[in-house]
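A quick write-up on the structure given underneath.
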There are 4 protein chains.
Amino acid sequence: MQIIEAAVAEFASKGYFASDVAAIAKKAGVAKGTIYNYFSSKEDLFMGVVRTGLGLLEERMRAIRSSRLSPVGKIERALKEYLSFVERNWTLYQVITKEAIHLFARVSEEYCTKVKSHVGVIETLINDGINSKAFRKVDARTSALVLLGMADAVTWEAVLSNRKPNVLKQHKAILEIYLRGIVKQ
Amino acid sequence: MQIIEAAVAEFASKGYFASDVAAIAKKAGVAKGTIYNYFSSKEDLFMGVVRTGLGLLEERMRAIRSSRLSPVGKIERALKEYLSFVERNWTLYQVITKEAIHLFARVSEEYCTKVKSHVGVIETLINDGINSKAFRKVDARTSALVLLGMADAVTWEAVLSNRKPNVLKQHKAILEIYLRGIVKQ
Amino acid sequence: MQIIEAAVAEFASKGYFASDVAAIAKKAGVAKGTIYNYFSSKEDLFMGVVRTGLGLLEERMRAIRSSRLSPVGKIERALKEYLSFVERNWTLYQVITKEAIHLFARVSEEYCTKVKSHVGVIETLINDGINSKAFRKVDARTSALVLLGMADAVTWEAVLSNRKPNVLKQHKAILEIYLRGIVKQ
Amino acid sequence: MQIIEAAVAEFASKGYFASDVAAIAKKAGVAKGTIYNYFSSKEDLFMGVVRTGLGLLEERMRAIRSSRLSPVGKIERALKEYLSFVERNWTLYQVITKEAIHLFARVSEEYCTKVKSHVGVIETLINDGINSKAFRKVDARTSALVLLGMADAVTWEAVLSNRKPNVLKQHKAILEIYLRGIVKQ
DNA sequence: TATGAATGAGCTTTCATTCAT
DNA sequence: TATGAATGAAAGCTCATTCAT
């Protein structure tokens, strides 16, 4: 729906609070009121964006898990997909992963559940690797979170250099650290 | 100054936009107008908070650099200091590292410069390690950012479990991945 | 028509401004647009309700006038009918008699004419009583209005005790005051 | 305070819902925000108006009670004061007595308590008359409400004739009905 | 004739900022 | 320097009304 697309763009570039529902409506080519026919509030619209973003990411991660790649291959692929997603949607990614924290109480459990589920998929990839003796016995939960944190590092680069992150440049470096960190030997 | 302290508390718990200058003034025990004698705007006050927070972190990192620890010991120490800072100020950390991005254009270069300098110190620690042959020839900049990303992972855990991050639990796991990732052999 | 019935219920329970055309449509089991096929606006719909309400009352008053009761009997009956109507429709009565005043300018003369006609019927009952020497030479217009005012008192009781007015309890007291007030000797 | 005065004028002429806080501010010669420094909401402002209006009325009624007039004289005086108040503030009176019903749930008990207290004073005047054998043993509560209802009748006249009520014209008629109604013999 | 998605004017309320004291 | 009442732009949200189907 074009409303979500416009909301993604607006939230991504300005953040939740600085975003203007009227601007989103204009961007989407609809009237303000129309947005409220589909979302009950600005917060609900934001959650729609979060849902969309996390949904896209989760879908990719699940596809990787059910692929025939080796554990290492899966992590490689996951990181690649992850970075590639962040590259294409880095501001959306910022919004999804950073700002939701301040809305937490109000959006109740949904955001938390969604992120947990998302982290869970990555955790599974790591556990699979541990079970097949490919990875050391690392703390899967923390290791999964660390992967997210690394993707985050990429967005920092973007902020510091004030331009779209160049993922390819960083992919190898991150992967090398991460894989050496968890792979056996 | 008590204004900064009050601002730290307010911004950390509510985020920039949801924070109320009046509430900060009350918390600080001064009148609203007084704040404007010291800071030209809410944004300026926020930058004061960012300055303070990053300043604290940077100071610690510089102390580490000038210590007599080994390169590995320095990284260990840096990570420890980092996690410990995040543990004690994790919401402030979230605010400093996440929300500032949306104020970027307006607060001009200062925030960016400050973060760059901060990352720079960590980068230096890594380069020192590389030069002393302790670390592999990793991309120092990316590796430094990865360290920040990992600290971030800790705050995610806090969000997901809805309680203060338990750093000790994660310190070992993260350190192991990171050191194996960058140390030679 | 079920639209009027739904509108009566909605306006009576919420008042004109707080009432929602969408809610009326839902209650009536039709689409919002359908209402506008029968009424040109919310205001027009409200006037439909006023018309219905005042129409019901007026019909009863006219029936009384053409009955064979004595002047005193007619007043007794009128008051009884009046209170009984208010008892069954006291919130509607409130809306009709109180809120319409603020729409006055816009709904032109109709409301005013309607009320005047309504008051007129009661006035006639009183004039009949005066002419037949049953009543003193009171100011018929004012006396008619006073009857309305007394019915009003009943709704006040309902408001103050926050429950449906108990008309029987008040009927005798009011009637006694009123009749003593206007009957000869 | 000039805000209350402006609010009285606005609410009286348009009713609660059709009134515009901005218009009240303009009328009062202050900025919109200023109103919210004194009243927490439009509803609270409305209650301020109700408080003021009922307070004025109650004060007069209390003064009458503590006067040295005879019971009949007190009722005469009360009705006179009442009608005179309504004459000077009839639209305010409309607002106070008619519209509050639809805000009832939200403004909780205050309005109800205030009106009860007001009715109570009149009830006392009547009970005093009954005790001193000046009045018949009427139902004091209902009789007090009837007095209010009569004052109401006066506002109807104003609505129907679309001009300020002419109280003097009606005072005698109403008083005659009412006194004959309750006085002994 | 009936529908209900789309509309957008208009409303209440907030809050960073100013400035007379 | 400190104050806090006053400000007014700005924002979220509602809802009577329209009109293509």
Side-chain angles (χ1 to χ4, degrees), chain A residues 1-3 10 14 16-26 28-46, chain B residues 2-3 7 10 14 16-26 28-46, chain C residues 2-3 7 10 14 16-26 28-46, chain D residues 1-3 10 14 16-26 28-46:
Chain A
M1 182 198 309
Q2 78 255 39
I3 291 176
E10 179 82 358
K14 304 214 191 107
Y16 176 78
F17 287 102
S19 286
D20 185 345
V21 174
I24 293 172
K26 197 173 181 182
V30 299
K32 243 183 311 174
T34 304
I35 288 184
Y36 289 89
N37 288 337
Y38 296 94
F39 301 94
S40 65
S41 65
K42 186 185 178 187
E43 219 164 53
D44 187 36
L45 176 56
F46 181 74
Chain B
Q2 78 256 40
I3 290 176
E10 179 82 357
K14 304 213 193 108
Y16 175 78
F17 286 101
S19 286
D20 190 337
V21 174
I24 293 172
K26 195 174 182 184
V30 299
K32 257 183 300 177
T34 306
I35 288 182
Y36 288 87
N37 287 335
Y38 296 94
F39 300 93
S40 66
S41 65
K42 186 185 178 186
E43 222 163 49
D44 187 34
L45 176 55
F46 182 73
Chain C
Q2 77 256 40
I3 291 176
E10 180 81 357
K14 303 212 193 110
Y16 176 77
F17 286 101
S19 285
D20 191 337
V21 173
I24 293 172
K26 197 174 179 182
V30 300
K32 256 183 300 177
T34 305
I35 288 183
Y36 287 87
N37 286 334
Y38 296 93
F39 300 93
S40 67
S41 66
K42 186 186 178 185
E43 222 163 50
D44 186 35
L45 176 56
F46 182 73
Chain D
M1 180 198 310
Q2 78 255 40
I3 291 175
E10 178 82 359
K14 304 213 193 110
Y16 176 78
F17 287 102
S19 286
D20 185 344
V21 175
I24 293 172
K26 197 172 181 183
V30 299
K32 248 180 308 174
T34 304
I35 288 183
Y36 288 88
N37 288 336
Y38 297 93
F39 301 93
S40 64
S41 64
K42 186 186 177 185
E43 219 164 52
D44 187 36
L45 176 56
F46 181 74

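Just so it is clear: chains get the letters A, B, ... in the order the sequence lines come, proteins before strands, and each one is counted from 1.
Residue Asp44(C) contributes atom CG, which lies 13 Å from atom C1' of dT17(F) at whole-angstrom precision. Rounding to whole angstrom units, CG of residue Leu45(C) and P of dC15(F) are separated by 16 Å. The nearest whole Å value for the distance from the CD1 atom in Ile3(C) to the P atom in dA16(F) is 15 Å. In this structure, Ile24(C) atom CD1 and dG4(E) atom C1' are separated by 17 Å, rounded to whole Å. Computed from coordinates, the Phe17(A) CZ to dT14(E) P distance equals 15 Å when rounded to whole Å. Put simply, NZ on Lys26(A) is 16 Å from C1' on dA9(E), counting in whole angstrom units.
Both cation-pi conditions hold for Lys42(C) and Tyr16(C): the charged atom is under 6.0 angstrom from the six-membered ring centre and inside a 45 degree cone around its axis.
Comparing Ser40(C) and Ser40(A) by the nucleotide of DNA chain F whose heavy atom lies nearest to each, the residue mapping closer to the 5' end is Ser40(A). Where Asp20(B) and Lys42(D) each meet DNA chain E at their nearest nucleotide, the meeting point lying more 5' is that of Lys42(D).
Using a distance-only test at 3.5 Å, with no hydrogens or angles considered, no donor-acceptor pair links the side chain of Lys32(A) to the main chain of Lys26(A). Judged purely by atom type and a 3.5 angstrom limit, Glu10(B) has no side-chain atom pairing as donor or acceptor with the backbone of Ala23(B). With hydrogens and angles ignored, the 3.5 Å screen pairs no side-chain donor or acceptor of Tyr38(A) with any backbone N or O of Leu45(A).
Of all heavy-atom pairs spanning Ile35(A) and Val30(A), the tightest one is CG1-CG2, 4.2 Å.
Atoms OG1 and CZ, from Thr34(D) and Phe39(D) in turn, are 12.0 Å apart once rounded to the nearest 0.5 Å. Note that OG of Ser19(B) is 8.5 Å distant from CZ of Phe46(B), once rounded to the nearest 0.5 Å. Put simply, OH on Tyr36(A) and CD1 on Ile3(A) are 11.0 Å apart, with the number rounded to the nearest 0.5 Å. One distance of note links CD1 of Ile24(D) with CD of Gln2(D); it measures 13.0 Å at 0.5 Å rounding.
When distances run from any side-chain atom of Asn37(D) to the nucleotides dT7(F), dA2(F), dA5(E), the shortest one goes to dT7(F). Nearest to the side chain of Ser41(B), among dA11(F), dT17(E), dT17(F), sits dT17(E). Each of dC15(E), dA5(E), dT13(E) was ranked by its minimum atom distance to the side chain of Tyr38(A); first place goes to dA5(E).
Residue Ser19(B) is in sugar-phosphate contact alone, with no base atom involved, counting any heavy-atom pair closer than 4.0 Å across all strands shown. Within the nucleic acid shown, Phe39(C) has no heavy atom closer than 4.0 Å to any nucleic acid atom.
A heavy-atom distance below 4.0 Å to DNA chain F is reached by these residues of residues 28-36 of chain B, ordered by number: Val30(B), Ala31(B), Lys32(B), Gly33(B), Thr34(B).
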Pairing of DNA chain F as dot-bracket, 5' to 3': ( ) intra-strand, [ ] crossing, | other strand, . unpaired, with Watson-Crick or G-U pairs under 3.5 Å?
.||||||||||||||||||||
